[in-house]
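A note on names: the letters A, B, ... follow the listed sequences, proteins ahead of strands, and every chain is numbered from 1.
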There are 2 protein chains.
Amino acid sequence: MYTNLIAAIEHFIRLDDTEKDLISSLAVSKTYAKGDYFLRTGQVCRDVGFIEKGLVRYYGTKDNGEEITLHFGKENDFTSNYQSFLDHSASQRSIQCLEATEILVISYDNLQRLYNEVKEGQKFGRLVCEYLYLQAISQIASMYADEPEQRYLNFVNEYPDLQQRIPQYYISSYVGVKPPSLSRIRKRLTL
Amino acid sequence: MYTNLIAAIEHFIRLDDTEKDLISSLAVSKTYAKGDYFLRTGQVCRDVGFIEKGLVRYYGTKDNGEEITLHFGKENDFTSNYQSFLDHSASQRSIQCLEATEILVISYDNLQRLYNEVKEGQKFGRLVCEYLYLQAISQIASMYADEPEQRYLNFVNEYPDLQQRIPQYYISSYVGVKPPSLSRIRKRLTL
DNA sequence: CCTGTTCGTTCACCCAGGTTAATAAGTTAA
DNA sequence: TTAACTTATTAACCTGGGTGAACGAACAGG
């Protein structure tokens with residue numbers, strides 16, 4: 001029984017015991033080493049992952065080869081490329097493990113079973129989408145309104161422990177600046 | 001019969017004639033003068049609008065009073081503050097008409113009727129949310145990856161006619177720069 | 001213990017956008 | 001027509017991030 005996964009879903013909808021058993025049967029636990037990929041650019045994203053332990057980064061690559069970290073996923077987060085997952089298109093994003101990571105993998109077909117066989121399954125799908133959308137909207141507002149310094153503070157606030165766990169240049173990419181600039185920002189903040 | 005609205009919904013789901021009649025009965029046409037507000041900061045967004053004619057801008061206001069245009073809505077676009085609409089929270093965004101505008105207004109309760117009384121109504125709700133989400137994701141990627149110059153070109157490409165219809169400073173705000181900077185960008189591009 | 005690698009910081013220089021203000025063109029109102 | 005207002009452009013100066021390179025600390029492997 002994957003209790004953390006169940007709890008995460010119950011954050012959106014109610015589940016009875018039968019449904020909890022069903023959901024546990026739909027997920028498969030997989031282990032990834034540091035540096036392994038949950039999803040690579042060009043692949044079709046055929047699963048949604050629930051991170052039991054560890055850390056991933058979700059990133060895209062610019063034409064010039066520069067990698068842009070758009071998101072981090074940590075314990076009890078879901079991770080996937082929703083676009084590729086929905087329409088079976090080739091993913092333009094990669095999801096890489098930054099630590100030894102354990103992920104509960106739910107295939108597209110099994111997620112459809114969850115949607116259809118759990119009473120509030122369809123509602124779960126809608127609520128997750130709404131949640132992702134509102135999160136995206138908030139990220140857009142931050143890109144428009146916040147200076148890099150504020151965006152760094154937002155990051156520290158949103159991911160308090162990640163600062164210790166990942167290289168600085170992933171943070172600078174997420175904040176939207178280059179490493180030397182993040183250094184300057186951090187220096188300004190400590191003075 | 002609001003045929004443009006029907007056509008827009010049929011972009012997502014199939015409708016039979018009874019459902020088309022129902023939907024037309026759920027919408028109310030309202031007329032707005034240039035400068036009028038469809039939604040003001042602080043209000044709860046209780047409607048979703050379908051723009052039959054005219055143009056709106058969707059914007060937020062920074063702490064320092066600066067307005068940031070996050071989106072434009074034109075003919076055959078839906079407009080709303082989804083967050084405020086969903087959870088009945090006070091809107092942090094405003095939606096203002098930039099021209100004389102006709103909007104088909106659908107109330108929250110009537111949208112629930114559409115969801116529940118149209119066969120694929122729930123699916124429509126989910127598909128619209130997915131559409132909005134993917135659109136938001138693409139805007140985020142552009143903020144990270146594109147220089148202002150490219151973002152201006154994206155704007156021109158996305159809204160070919162709007163350049164003539166709205167003041168430059170709304171465009172510069174949408175692009176994420178100040179008016180003098182957009183002037184410089186435009187000058188660079190014509191040379 | 002040494003060596004190579006990785007990673008964060010720092011320096012010097014450059015450049016694009018911000019800021020402020022002046023100007024000019026276009027628009028509206030009287 | 002004139003006056004007042006709005007809007008886009010331009011200029012001068014400032015600032016913060018980008019770039020390329022050097023340095024040093026931490027760490028891993030031999």
Nearest to side-chain heavy atoms of B/P167, which nucleotide of C/dT19, D/dT7, D/dT10: D/dT7

Is it true that B/Q163 and B/Y159 share a donor-acceptor pair across their side chains at a distance under 3.5 Å? no

Of the listed nucleotides (C/dT10, D/dT9, C/dG18), which one gets closest to any side-chain atom of B/S181? C/dG18

I want to verify a distance call: between C/dG8, C/dG17, D/dT19, whose nearest atom is closest to the A/P180 side chain? D/dT19

Nearest whole angstrom, please: distance from the P of C/dA16 to the CZ of B/R151. 18 Å

Partner of B/E149 by side chain to side chain donor-acceptor pair (under 3.5 Å), out of B/R184, B/R188, B/R186: B/R188

Lys/Arg N to Asp/Glu carboxylate O, B/K74 vs B/E158, below 4.0 Å: no

When rounded to whole Å, the CD to P distance for the pair B/E147 and D/dG16 reads 19 Å

Rounded to whole Å, the NZ-P distance (A/K178 to D/dG17) equals 13 Å

Measure the distance from CD on A/Q163 to P on C/dG8 and round it to the nearest whole Å. 11 Å

Side chain of A/K187, heavy atoms from C-beta onward: which of D/dT9, C/dG17, C/dT10 has the nearest atom to it? C/dT10

Please tell me which of the listed nucleotides, C/dG17, C/dT19, C/dT10, lies nearest to the side chain of A/S183? C/dT10

Does A/R188 make a side-chain N or O approach to OP1 or OP2 of D/dG17 shorter than 4.0 Å? yes

Distance in angstrom units between A/I185 CD1 and D/dG16 P, rounded: 11 Å

Separation of B/I171 atom CD1 from D/dA8 atom C1', in whole Å? 11 Å

Any donor-acceptor pair under 3.5 Å joining the side chain of A/R184 to the base of C/dG8? no

So CZ of B/F124 and CG of B/L111: to nearest 0.5 Å the spacing works out to 7.0 Å

Atom CD1 of B/I166 and atom C1' of C/dT27: how far apart are they, to the nearest Å? 18 Å

Under-4.0 Å salt bridge between B/E120 and B/R14: no

Protein-nucleotide distance (A/D146, atom CG; D/dG16, atom C1'), rounded to Å: 16 Å

